[in-house]
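From a predicted model like this one, the values you see are computed outputs, not experimental measurements. Letters A, B, ... are given to chains in the order of the sequence lines, protein chains preceding strands, and every chain is numbered from 1.
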Amino acid sequence: MPTIDIPDKICPHCGGTKWYFHGGYIRTCFIKLSERRKAWRATDNGKTFMSSYHKTEAGKKHKEKYLNKKSTIKLRAELAMKKYYRDKANNPDKLREYKKANAAKSILKLTDSVIKRYIARDYSGISYSDVSQELIQLKRKQVLLTRKIKDYGKNNQNC
Amino acid sequence: MAKTIKTVNVTDVINVTRDMGDTLNNMFQTTKDLKVAHQSLDAYRTAISGAKAQLIYKKLTGSPGKINFFESQNP
């Protein structure tokens, strides 16, 4: 939606000059609008809408665009670290559950660190830094194949 | 007629067994034959063992020149 600059009119809310212009009327400043939207998203209706919106095609594109935005990646990483340490101090149970869910996700995805753990646990002489990318790829192929064999066996139990 | 494959060193063995594993894996995707799948797993296992052995050999012959696991055993 377009915005206009009204230099002789200063917003009493934020002291800025940018207003939100919609349908021939000047509505409100951006900051007030974003605050209202944030408050609505925190309500029950807002949460249900957002969860269903993110499942649509437009919502997925929107999320992808936001995640790939380079200007906010560093900021989001810093906020995530602060949240982690805040949860560690105030709510260790929540953090423990989050770590468990994250570990299960990385095992499903077969990340590099999980594969390195599988390789290094058999031999005490090999450390995580010694493992090369070729070896990781080989092991990943093997693990994926064993999972497929197990799934195939589950689906065809009568054979 | 059987195909003969010549290998010079461990790297060749790793590459050959990995390729064998990949072809057998692709065959399993199409035929869904479990025997083929297990043979593919064996091929991958051989390649992985070769790569691990190469790693340990490099550690033994390189620097620092020893692995703690072998040093700590009592005679």
**Request:** Check side-chain contact (heavy atoms from CB on, under 4.5 Å) between L55(B) and all other residues, then give those that pass, not counting sequence neighbours.
**Result:** I126(A), D130(A), L135(A)

**Message:** Who clusters with F49(A)? Use side-chain heavy atoms, under 4.5 angstrom, across I, L, V, M, F, W and Y, and order the result by chain and number.
**Reply:** W40(A), M50(A), Y53(A)

**Prompt:** After noting the C-alpha distance and the side-chain angles of L67(A) and E64(A), does the key distance pass the side-chain contact (heavy atoms from CB on, under 4.5 Å) rule?
**Reply:** CA-CA 5 Å; L67(A) 286 173; E64(A) 213 180 298; 5.9 Å; no

Under 3.5 Å donor-acceptor pairs involving side-chain atoms of residues 102-109 of chain A, not counting sequence neighbours:
unit_1: S106(A); atom_1: OG; unit_2: N102(A); atom_2: O; d: 3.3
unit_1: S106(A); atom_1: OG; unit_2: A103(A); atom_2: O; d: 2.9

**Asked** Any residues in residues 21-34 of chain B near chain A, with a heavy-atom distance under 4.5 Å, and which are they?
**Response** D22(B), N25(B), F28(B), Q29(B), K32(B), L34(B)

**Asked** Is there side-chain contact between V114(A) and V143(A), with at least one heavy-atom pair below 4.5 Å?
**Response** no

**Message:** With a 4.0 Å cut-off on N to O distance, would you call D42(B) and R45(B) a salt bridge?
**Reply:** yes

